[in-house]
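Here is the structure we will look at.
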Amino acid sequence: MACISTRPSPGWPLPTRVEASAQADRDELLSLRAANNKLRRINAALIERVESIANPRTESYAAFQHSVELAEQVRERTQALNETMAELQASNRLLNEARARAETARHHLADAIESMHDGVVLFDKDRRVVLFNSHYARFWQGTRARVREGVRLDELKRLATATGLVMDMEAGADGHMLYRMRNKRWVQVSERPTREGGLVIIYTDITDLKNSETARREQALAQKMRLLQRTVDSLSQGVAVVNEQGGLELWNYRFLQLAGLAPIRPHRPFAEVLEDSELELFTPHSHSAAGQPQLTREQRLDNGRVLEMRSHPMPAGGFVNTYTDITERDLYAKALLESERWVRLITDQLPAMIAYVEQDLSYQFTNRMYDEWYGWQRGNILGQSMMHVHDAEQFARLEPYIERAFKGESVSFEFAERSLNGDERYLLRSYVPNRNPHGEVIGLFVLTRDVTERQRSAEALHQAYQHLEQRVRERTRELTSVNDQLRQEINERARAEARLREAKHEAEQANLSKTKFLAAVSHDLLQPLNAARLFTGALLEHPLPSASSALTRQINQSLEDVEHLLGTLVDISKLDAGVIKPDVGSFNIADLLDNLANEYRQVCASQRLQFRFVDSQCVVHSDVQLLARILRNFLTNAVRYTQQGRVLLGCRRHAQGLRIEVWDTGMGIAQDKLEEIFQEFKRIQCADHARDQGLGLGLAIADKVARMLGHRIHVRSVEGRGSVFAVEIPYGRRGPAPVTQLSIPASIGEHLRGARIWVLDNDPSICAAMRTLLGNWECQVITALSADDLASQVDGFRAAADLLLADYHLDNGINGVDVAAVINARRAVPLPVLLITANYSNELKQQVRELGHMLMHKPVKPMKLKAAMSHMLAAAEPVTLQRLR
């Protein structure tokens, strides 16, 4: 087997270039020396000729002078040649030094290649072996192949396959090829082209690295791809990422939804994917009708929706396409054009002259009556200056008011003006300044009305006033005596009203104290109820005799009724006390309505009612949690008072906002009772006619929440036929990303078996209930009453665990958020955290959302807790590599 070769090779580029340059310099130096010798001989011949000529003195002198000039020229030429020769000698010396350095560098390169732990082989431009080291030669040990200089790369590849040296190959993440050798070793092959067209190939034994890094690399890659996929899925736009070969690399569900496609496999050609879709093939290389590159395009689908397609080329090749549903914007644009048409139609019918002028006093808008007053053809006055429309005398009267209006003052004035037919009419003019967002006046709205009849009526009224003045004075004397009697009666009533006001104030203070007390003790009221719900949930998990099972279900149902009634009382108390503060923002109403539809579809099915749902993709401005409470009250009432028929949840668009409506075919409400149903503790029917018990606070809460949010509630009903409850919500602006709703895994208990759960709560009954409930779900549970208690059981928070359940309100002013931060600070991998609290404040919700934790409110429902824990444990598991690709 051949070892490393350090013999200079003809294919080595650097010495060849240096020798060629040196040879050229030597040839040039020899030619300059020959030219110099030739000039010397010419100079000697000329001097000899001058001396040998026997002419008269003048001719001899002239010849001598000529020879002197020639000698001077020869001397200058000789000096120039000497300088050139000196420069050439210096250049030759530098070239020799460069050649020596190149030789030294080549030897150093050979030593460096040999000192490398990787196999290195160098090929010339014809792909023949020029240089290799001993590590490369070792790869061929045990085979009949002999590697030597001059062997072609194709021959080496054939020998590697024929001798069984390479068993398998695959492409690495960085583009390098990975080969599995017959001795089960892995070799990474890196190829780098040289500037002369050659090739350097490095063979690195990465067996240990591949075995040790595979799991960690796959986990990191899985995490990145999961985050990328989540980021893309959270976008409201459809996204499709296409690689440089035209294959579809990444997409989100919104893209499939807009394109009308079923789930597709990755790496399919993008053009092939769109063949099954209504979407047009759009790439950065698409051109418009004018032949220019086009990066944005709109397409109208058969269902009437309009999509905006944008194509963004990527620097490394490929492109990213985004698909945005701009149906709303398209409708707004059409509505704006229609509104403009209606504005012009309406203003043309108004009995007033309307116009708009800019800073340069040019008309930008006039209605029909304005044009007719000044005798202009329709539209010809636009762009004309006020100075040209009015004569000089009239404009001089208007100019002071125009200057005041451009200073920001709204001006109204009137004076007489003659029309085109010569009639003198009184005109009331109003100049209203139009300001930009910076407060600068950029134009004037002009409103001119004919007030001639009013002026004449005012004159007539003035004359009548003179006659009435005497009668008024007489009547005033009569009324003065009556007024004195009324003043005494008013004083007596004022004193009685003051006493009533004091009594009302005392009653309101007592009611407010009660309300604040009930809202403040909600945590203490819900704590034992929470423990009872957990115990009954755990008991329902056990197989029990039929009598005991029925009794347990009755206890659980009773606790649910108590929870509902107590929660309703606490909610109405918090609303009265002002504890609940709205968290208003813009969001897609589809996220909320889809969840409500899924929830009440099951409720209606259990009551044998039909449920219909009409969705909407509008963006609204409200508090999503409080709005959900209003709609749940509407839907609950619809189910409660509908014995048979159907319930409908849908939306209607209006100019002022979106109206969400709940229809039912129930027993209806009498017209004289429509106002009473929103009062507290008012029910429209006896309890035995409803499906469940209640306090009559649901609609009262909905009304209070709607008033807090500034929404309007509407109700229509016909006795015996049904009712319609609706709430109007203003439109909002589309945000960066909608809130992702909690998704329940297909198998809700799959991730709970064997899960290691830490429970932190300062109530022993809660800890006992959690231990029993989670134990029934086959979890490994550790409960603690404080952080120190938990630390002593789990090795200072360093023991293995999968999830932390913590109560927010702990002893000594400590809260669960701070304890979770301390626990995760001591762990290499932080634990997912589920906080349980009776605190409904927006500040806590925002804090928990920013920390990435999950929040649940007391009392906790066992199935909701089970779903939340399954979701968090499923989200913590790594996604498989096949799923990511």
Side-chain angles (χ1 to χ4, degrees), residues 221-243 247-282 299 301-312 314 318-329 586-599 601 613-620 624 651 734-747 867 870-872 874-885:
L221 180 61
Q223 180 67 14
K224 291 181 181 178
M225 291 301 295
R226 182 166 62 251
L227 291 176
L228 177 60
Q229 187 68 45
R230 286 182 179 177
T231 302
V232 174
D233 287 339
S234 66
L235 298 177
S236 60
Q237 297 175 317
V239 179
V241 181
V242 182
N243 58 26
L248 187 59
E249 286 285 345
L250 183 66
W251 64 94
N252 62 356
Y253 174 76
R254 184 59 174 163
F255 167 71
L256 298 179
Q257 184 182 27
L258 294 176
L261 295 173
I264 57 178
R265 67 177 188 274
H267 309 302
R268 282 187 61 191
F270 187 54
E272 179 183 328
V273 171
L274 291 187
E275 289 178 357
D276 301 329
S277 171
E278 187 181 349
L279 297 181
E280 300 175 355
L281 179 61
F282 186 54
Q299 181 182 357
L301 304 182
D302 293 339
N303 59 5
R305 305 202 73 78
V306 181
L307 299 184
E308 180 186 62
M309 301 183 293
R310 292 181 179 271
S311 189
H312 313 270
M314 295 187 292
F319 56 91
V320 178
N321 276 11
T322 58
Y323 300 84
T324 306
D325 189 341
I326 60 170
T327 308
E328 301 287 340
R329 190 177 71 189
S586 296
F587 60 93
N588 195 327
I589 194 64
D591 299 333
L592 174 59
L593 295 182
D594 290 344
N595 288 338
L596 291 175
N598 293 333
E599 177 181 347
R601 187 177 288 111
F613 170 54
V614 181
D615 64 349
S616 173
Q617 297 295 327
C618 286
V619 175
V620 298
V624 63
C651 302
R734 192 171 298 274
V739 179
T740 303
Q741 299 294 330
L742 176 65
S743 60
I744 300 177
S747 178
S870 298
H871 170 77
M872 296 180 70
E877 293 183 357
V879 182
T880 61
L881 183 59
Q882 180 65 28
R883 164 68 177 87
L884 291 173
R885 293 182 177 176

Would you name the heavy atoms of [X] and [Y] that are closest together and state the gap between them?
{"X": "M309", "Y": "E280", "answer": "SD-O, 4.2 Å"}
{"X": "N252", "Y": "G238", "answer": "OD1-CA, 3.6 Å"}
{"X": "F319", "Y": "F282", "answer": "CE1-O, 4.0 Å"}
{"X": "L279", "Y": "L258", "answer": "CD2-O, 4.4 Å"}
{"X": "L256", "Y": "A262", "answer": "CD2-O, 4.0 Å"}
{"X": "E278", "Y": "Q299", "answer": "O-NE2, 2.8 Å"}

Are the side chains of V239 and W251 in touch, meaning some heavy atoms are under 4.5 Å apart? no

Side chains of R254 and L235: closer than 4.5 Å at any heavy-atom pair? no

What's the separation between atom [atom1] in [X] and atom [atom2] in [Y], rounded to the nearest 0.5 Å?
{"X": "S616", "Y": "N588", "atom1": "OG", "atom2": "CG", "value": "7.5 Å"}
{"X": "N303", "Y": "T327", "atom1": "CG", "atom2": "OG1", "value": "7.5 Å"}
{"X": "I264", "Y": "E272", "atom1": "CD1", "atom2": "CD", "value": "10.0 Å"}
{"X": "Q617", "Y": "E328", "atom1": "CD", "atom2": "CD", "value": "9.0 Å"}
{"X": "I589", "Y": "C651", "atom1": "CD1", "atom2": "SG", "value": "6.5 Å"}
{"X": "L593", "Y": "N598", "atom1": "CG", "atom2": "CG", "value": "11.0 Å"}

Could you check I326 against L307 for side-chain contact (heavy atoms from CB on, under 4.5 Å), going step by step and ending with a plain yes or no? CA-CA 6 Å; I326 60 170; L307 299 184; 5.9 Å; no

Test side-chain contact (heavy atoms from CB on, under 4.5 Å) on V619 and F587 and set out the steps. CA-CA 5 Å; V619 175; F587 60 93; 6.0 Å; no

Worked check of side-chain contact (heavy atoms from CB on, under 4.5 Å) between V306 and R329: CA-CA 9 Å; V306 181; R329 190 177 71 189; over 6 Å; no

Within 6.0 angstrom of R601 CZ, more than 12 heavy atoms from elsewhere: yes

Test side-chain hydrogen bond (donor to acceptor under 3.5 Å, both in side chains) applied to Q237 and T324, step by step: CA-CA 5 Å; Q237 297 175 317; T324 306; 2.7 Å; yes

Test side-chain contact (heavy atoms from CB on, under 4.5 Å) applied to T322 and H312, step by step: CA-CA 8 Å; T322 58; H312 313 270; 3.6 Å; yes

Over 60° means perpendicular and under 30° means parallel, so classify the ring planes of Y323 and F255, tilted if in between. tilted

